[in-house]
Amino acid sequence: KGYDRLLQAVALAREECGGKIHFLIVGRGSGEDIRAIAEKVEELGLKRSVHYLGFRKDIPAILRASDFLIVPSTTESFSLAIVEAMAAKRPSVATHCGGPSEVVVDGETGFLVPVGDIHALCQKILEMARNSSKRQEMGWKAFKRFNDEYRAERYASKIQTLYAEIVDAGRTGKAPLGDGTYPLALIKQYQDVKDRQEREEEEEEGRVDSMPSGRFASGHASVFSRIY
């Protein structure tokens with residue numbers, strides 16, 4: 001999950017801000033992983049700044065008490081933790097490692113940094129921590145993106161539309177297979193639909209609409225930050 005690099009970035013950030021940022025690590029982990037984190041925290045002198053809370057069921061409350069989310073992973077699929085933060089109007093600082101790159105709009109709903117770049121991670125943590133108005137603006141944009149893209153009903157509708165258009169393509173394809181399917185037409189239609197959706201998303205970015213009320217997802221997240 002990249003906690004070793006995160007803790008090094010935290011140590012750098014702490015030097016610059018005088019220990020005013022507190023970090024909460026939340027979630028299950030193996031005994032070996034937890035010991036490794038504890039040893040690194042001790043080694044870097046971060047016991048007053050980094051707090052491991054273990055598995056928690058009150059993630060909405062933790063997010064409300066936090067200012068932003070940090071996802072320092074080296075590899076990550078779709079990040080539910082980031083979506084949960086978006087639902088709570090919290091921006092994220094995450095690594096360019098797959099899933100987060102698809103969810104976070106860099107510079108708008110959060111920040112993305114290269115995997116393993118401790119200094120870049122430190123700088124974005126500090127930038128987020130020092131600018132409350134920017135955090136709030138990013139949080140609202142993250143919430144809007146959550147409402148537009150990641151609500152269950154919205155996501156289900158997009159998948160349903162995609163499948164319907166793929167099926168329609170099979171009826172008009174020109175390269176039938178023996179069983180009556182049209183694989184080349186299906187592939188092309190899938191790509192056309194995906195390209196169209198991406199264009200529509202790009203056109204919607206930057207708009208400021210009224211913000212509908214949100215519902216919070218269940219689950220658990222990774223690292224939260226609170227400024228004191």
Side-chain angles (χ1 to χ4, degrees), residues 1-86 88 90-101 103-104 106 110-132 134-135 138-139 218-228:
K1 288 290 187 179
Y3 291 117
D4 54 341
R5 293 180 178 86
L6 170 66
L7 293 175
Q8 293 176 60
V10 168
L12 293 175
R14 190 172 183 274
E15 289 179 5
E16 292 198 37
C17 70
K20 295 181 180 179
I21 311 177
H22 287 253
F23 300 84
L24 311 178
I25 299 178
V26 180
R28 287 195 180 97
S30 68
E32 182 179 348
D33 289 339
I34 300 308
R35 283 192 297 274
I37 290 174
E39 290 173 1
K40 197 68 175 178
V41 167
E42 181 76 30
E43 175 189 335
L44 295 172
L46 298 174
K47 293 185 70 174
R48 293 187 177 183
S49 299
V50 177
H51 316 277
Y52 175 64
L53 305 185
F55 176 76
R56 298 290 291 262
K57 295 183 179 180
D58 57 341
I59 295 302
I62 292 174
L63 276 167
R64 286 194 299 270
S66 301
D67 294 290
F68 54 97
L69 172 73
I70 306 170
V71 179
S73 305
T74 54
T75 59
E76 185 90 18
S77 57
F78 181 80
S79 179
L80 179 59
I82 293 176
V83 175
E84 289 178 324
M86 293 165 68
R90 295 297 183 266
S92 299
V93 177
T95 48
H96 253 305
C97 64
S101 305
V103 181
V104 176
D106 189 28
F111 292 123
L112 292 168
V113 301
V115 174
D117 192 329
I118 297 168
H119 292 281
L121 181 57
C122 170
Q123 290 306 309
K124 291 306 179 183
I125 289 172
L126 288 172
E127 185 173 346
M128 193 75 81
R130 289 167 171 167
N131 194 331
S132 60
K134 182 68 172 178
R135 283 199 313 273
M138 284 185 162
S218 61
H220 68 278
S222 299
V223 182
F224 307 87
S225 181
R226 180 66 180 171
I227 303 161
Y228 291 94

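By convention here, the first residue in the shown sequence is residue 1.
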Exercise for the section: Can you measure from CG (Leu6) to SG (Cys122) and round to the nearest 0.5 angstrom? Expected result: 10.5 Å
Practice task
State whether Lys124 and Glu127 are salt-bridged, where the test is any N-O pair (Lys NZ or Arg NE/NH1/NH2 against Asp/Glu carboxylate O) under 4.0 Å.
Solution key: yes
Handout entry: Min side-chain heavy-atom separation Ile125-Phe111 under 4.5 Å
Key = no
Handout entry: Exam field: side chain Arg135 to backbone Ala129, donor-acceptor pair closer than 3.5 Å
Key = yes
Exercise for the section: Can you spot which of Met128, Met86, Lys134 makes a side chain to side chain contact (heavy atoms under 4.5 Å, CB included) with Pro91? Expected result: Met128
Fill in the blank from the handout: Output for pair (Asp33 CG, Tyr52 OH), nearest 0.5 Å, gives 9.0 Å
Practice task
With the side chain counted from C-beta on, respond yes when Ile25 and Tyr3 share a heavy-atom pair under 4.5 Å apart, and no when they do not.
Solution key: yes
Handout entry: Within-4.5 Å side-chain heavy-atom neighbours: Gln123 and Glu16
Key = yes
Exercise for the section: Mind listing the closest non-hydrogen atom pair of Glu84 and Ile59 along with its distance? Expected result: OE1-CG2, 4.2 Å
Problem - Point-to-point distance, once rounded to the nearest 0.5 Å, from NE2 of His119 to CZ of Arg5 - result: 12.5 Å
Completion exercise
Nearest heavy-atom contact between Leu69 and Ala81 is CD2-O, 3.4 Å
Problem - Heavy-atom donor-acceptor pair, Arg90 side chain to Ser66 backbone, under 3.5 Å - result: yes
Completion exercise
Here the gap from His22 atom NE2 to Asp67 atom CG, rounded to the nearest 0.5 Å, amounts to 11.5 Å
Handout entry: Under the salt bridge (charged side-chain N to carboxylate O under 4.0 Å, His left out) test, residues paired with Asp58 that sit two or more places apart
Key = Arg56
Problem - Which atom of Gly2 lies closest to which atom of Thr74, heavy atoms considered - result: CA-CG2, 4.3 Å
Practice task
Search all heavy atoms of Pro100 against all heavy atoms of Ile82 and return the closest pair with its distance.
Solution key: CB-CD1, 3.8 Å
Exercise for the section: Indicate yes or no for a side-chain donor-acceptor contact from Thr95 to the backbone of Ser73 under 3.5 Å, with no hydrogens or angles considered. Expected result: yes
Handout entry: Nearest non-hydrogen partners of Ala11 and Leu46, listed with the distance
Key = CA-CD2, 3.9 Å
Handout entry: Minimum side-chain heavy-atom gap Leu53-Ile62 below 4.5 Å
Key = yes
Handout entry: Partner residues of Glu43 under the salt bridge (charged side-chain N to carboxylate O under 4.0 Å, His left out) criterion, sequence neighbours left out
Key = Lys40
Problem - Min side-chain heavy-atom separation Glu76-Val71 under 4.5 Å - result: yes
Exercise for the section: Could you go through the side-chain contact (heavy atoms from CB on, under 4.5 Å) check for Ile70 and Phe23 one step at a time? Expected result: CA-CA 9 Å; Ile70 306 170; Phe23 300 84; 3.6 Å; yes
Completion exercise
When every non-hydrogen atom of Lys47 is compared with those of His51, the smallest separation belongs to O-CE1, 4.2 Å
Completion exercise
CG (Leu126) and CG (Asn131) are apart, to the nearest 0.5 Å, by 12.0 Å
